[in-house]
Colleague: 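Before I ask anything, let me first share the structure, which is written out below as C-alpha cells.
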There are 2 protein chains.
Amino acid sequence: MDNDVLRQAPLFSALDDEAATALRASMGETKLRRGEVLFHEGDSGDKLYVVVDGKVKLGRTSSDGRENLLAILGPGQMFGELSLFDPGPRSATVTTVTDASFASLSHDDLLRWLEGRPMVAHGLLSQLASRLRKANDVVADLVFSDVPGRVAKALLDLADRFGRSADDGIHVHHDLTQEELAQLVGASRETVNKALADFASRGWLRLEPRSVVIMDLERLSRRAR
Amino acid sequence: MDNDVLRQAPLFSALDDEAATALRASMGETKLRRGEVLFHEGDSGDKLYVVVDGKVKLGRTSSDGRENLLAILGPGQMFGELSLFDPGPRSATVTTVTDASFASLSHDDLLRWLEGRPMVAHGLLSQLASRLRKANDVVADLVFSDVPGRVAKALLDLADRFGRSADDGIHVHHDLTQEELAQLVGASRETVNKALADFASRGWLRLEPRSVVIMDLERLSRRAR
DNA sequence: TCCTAGCCGTGGTCTGGCTCACATCATGGA
DNA sequence: TCCATGATGTGAGCCAGACCACGGCTAGGA
C-alpha cells in the first residue's frame, strides 16, 4: 500500500524496512480534495510533508495579487522543509490540484530522527541540494529562454514525472489548467495558449483538457533548449 | 586573524573553539587575484569552499554564450556544496571579483566531520534551506518585478552585506561593473545603466566606479518592491 | 433539461526592455 | 606622455509578450 510510495521518498531511502515502518508510524496523515489549501504563505508551521497520493502546487502571490508557481509535486515528493531548517513563516502556499493525501512529520520528531542517523541527514542534504540546483536552472531559463521554450521545458519535466507512454505518444495528465501552467513558467495564459497551439499545429503534441499527449519528443526537446 | 571570519561561517557556527580550530587545520587554502577562475561550470570537483577574504561571482553561461550571475559572495560565505550532496559536475563558474582567498574542504573530510556531529549537519541544512529560499525569491522577482525594481533590490542586498554607512550615505563598494550588475539581475547593461542614471537623477544615490553611495534608502527600498 | 461558471482559443494594441550604434571617460602600460 | 582598452552614458528602432476583449466549449448543479 502507501508504504511503497514513501519508501521511494528521499527521506526514507536510506532506512531499512524496520526503521521505515517505525518512522511511518510516527507520521500524521492528511487528506484533501482538489483545490483545497494545506497551508498559506506567511503561516507559521513547522511540519514537513510527503505527498502520498495526488498532486500539489507550491505557489506565491505578489503584492498586487498575481501568482507564480514554484513547483508541481507528486507522490513521494517532500515539501515544507524550508521552515524547518530556516526558521520563519511558510514561504509558499500549497494547494492540491487533485484529491490528495499526505504524511507529515513535525520539526521536533524529525530532529530526533536525525540524531544518530547521519544517513538520513545526508539524504535530506541531497534533496535540498537537488532542489537548489533546479531552482538555479529555473532562474537561468527565465533569463535565457523565451516563453515557448519554457513551456516546452515544463511539459518535458511533467512528462518525465507523470507521463505514461502509449502507442500514440506519451500521455501526460498534468491536471493543470493553462492558467496554472502559465503561472508555472512565469508567463500569461494567452501566450502559453498560443505556444501550445503552435506546438500542436506542428504535430509535436495533442492538447486535451488538463492533459497533453506528446507525439514528437525529439522536436519538443530541441525547442526546450 | 582569518579564524574570526570562519567562525561566522554557518559551517562553523555550531562548533566550540577547539573543534573549529581542528576543522580549520584540516582545510586547504587558496589565493587568487581579481578575475581569476576557481573552477568552471561542468568541471568535476567535490570541494566545498568558504570565502576568507574578497568577493566572488557565481555564474553560468547559456548555450549561446550569454552569462547570468547567480550570486555575489563575500567573506564567511560558502559555495561549492551542491556537487557534494547532489553528485554531478559543478553547476556554476566561480570567478573572483577582487583579489581573494579561500578555505576548502573535500567531500570525504566533510562527511567524516558530519558523522557524530548532528549540529553541523543541521547547520548545513539551514544554510541550504536559506539559499533555496533566496533562489525562490529571485525567481519571484524575475516574474513580478521590472528591471529598475530588480536593480534596486540588488543594490539593497549588496548594501546590506558590503555597505558601510557614512555621513553622506551608505557606501557600497560592490566591485562589480555595470555589465556584471546587469548579469546579476538578468537584464542588459544598457537598461541597468539607465535605471541607475534615473535613481541618481532623483537623488536616491550617487554613482562611482564599481561602487555606489545610497543617499535615500527609504525611496530605494520602496522602488524595490 | 437549462444555465452558469470556469476553461480555452484567438485576434488587436501597446510597451518594457533588448539590440545596435555611437560618443565619452577612465586607466594603466609602453 | 600617448594610446589602447575597457567601462560608462545615451539615443533610435524593433519585437516578444503582456493586456484587453471577445466568442465558443464543457461540466456540474438546479
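Convention: sequence-line order gives letters A, B, ...; per-chain numbering from 1. Remember, it's a predicted structure, so these values are computed and weren't measured experimentally.
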Colleague: Does A:Lys31 make a cation-pi contact with A:Phe102 (under 6.0 Å, within 45 degrees of the axis)?
Modeller: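 Negative - A:Lys31 is either too far from the ring of A:Phe102 or too far off its axis.
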Colleague: Should B:Leu155 and B:Val172 count as side-chain neighbours, where that means a heavy-atom distance under 4.5 Å?
Modeller: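 Counting from C-beta outward, B:Leu155 and B:Val172 never come under 4.5 Å.
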Colleague: We want to know whether A:Asn68 and A:Gln183 form a side-chain donor-acceptor pair, criterion being a heavy-atom distance below 3.5 angstrom.
Modeller: no
Colleague: Just how far, in rounded Å, is P of C:dA5 from CD of A:Glu179?
Modeller: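 Going from CD in A:Glu179 over to P in C:dA5 covers 18 Å.
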Colleague: With respect to the side chain of A:Glu190, which nucleotide from C:dG16, D:dC19, D:dA7 is positioned closest?
Modeller: D:dC19
Colleague: Could you tell me whether the phosphate oxygens of C:dG9, OP1 or OP2, come under 4.0 Å of any side-chain nitrogen or oxygen in A:Asn193?
Modeller: yes
Colleague: Calculate the interatomic distance between B:Arg210 atom CZ and C:dG28 atom C1'; express it in whole Å.
Modeller: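 Atom CZ in B:Arg210 sits about 13 Å away from atom C1' in C:dG28.
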Colleague: Looking at C:dG9, C:dC18, D:dG17, which one has an atom nearest to any side-chain atom of A:Asp146?
Modeller: D:dG17
Colleague: Measure CG/B:Leu207 against P/C:dC25 and give the value in whole Å, please.
Modeller: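 Answer to the nearest Å: 16 Å.
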Colleague: So which nucleotide from D:dT8, C:dT19, D:dA18 ends up closest to the side chain of A:Thr191?
Modeller: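 Per side-chain heavy atoms of A:Thr191, the pick is D:dA18.
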Colleague: What is the distance from CG of A:Leu176 to C1' of C:dC8, rounded to the nearest Å?
Modeller: 15 Å
Colleague: Once you round it to whole Å, what is the distance between P of D:dA7 and CD of B:Glu180?
Modeller: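 Distance, rounded to whole Å: 8 Å.
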Colleague: Nearest to the A:Lys194 side chain among D:dT8, D:dG17, D:dC19, which nucleotide is it?
Modeller: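 Among D:dT8, D:dG17, D:dC19, the one nearest the side chain of A:Lys194 is D:dC19.
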Colleague: Between B:Glu208 (CD) and D:dG9 (P), how many Å, whole number?
Modeller: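 It is 12 Å, rounded to the nearest whole Å.
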Colleague: Roughly, in whole Å, what's the span from CZ in B:Phe144 to P in C:dG16?
Modeller: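 Going from CZ in B:Phe144 over to P in C:dG16 covers 19 Å.
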Colleague: If you check the A:Arg189 side chain, which of C:dC8, D:dA18, D:dT8 turns out closest?
Modeller: C:dC8
Colleague: Test salt bridge (charged side-chain N to carboxylate O under 4.0 Å, His left out) on A:Arg223 and A:Asp198 and set out the steps.
Modeller: CA-CA 12 Å; A:Arg223 185 62 181 81; A:Asp198 179 55; over 6 Å; no
Colleague: Between C:dC18 atom P and B:Gln183 atom CD, what is the distance in whole Å?
Modeller: 13 Å
Colleague: With a non-hydrogen cut-off below 4.0 angstrom, is A:Thr177 in contact with a base, only sugar-phosphate, or nothing?
Modeller: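 Sugar-phosphate, no base atom in range.
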Colleague: Could you go through A:Gln127 and A:Met78, starting from their C-alpha distance and side-chain angles, then the distance that decides it, and tell me whether this counts as side chain to side chain contact (heavy atoms under 4.5 Å, CB included)?
Modeller: CA-CA 9 Å; A:Gln127 175 73 355; A:Met78 180 179 76; 3.3 Å; yes
Colleague: Between A:Pro209 and A:Pro148, just flag the one whose closest nucleotide in DNA chain D comes earlier from the 5' side.
Modeller: A:Pro148
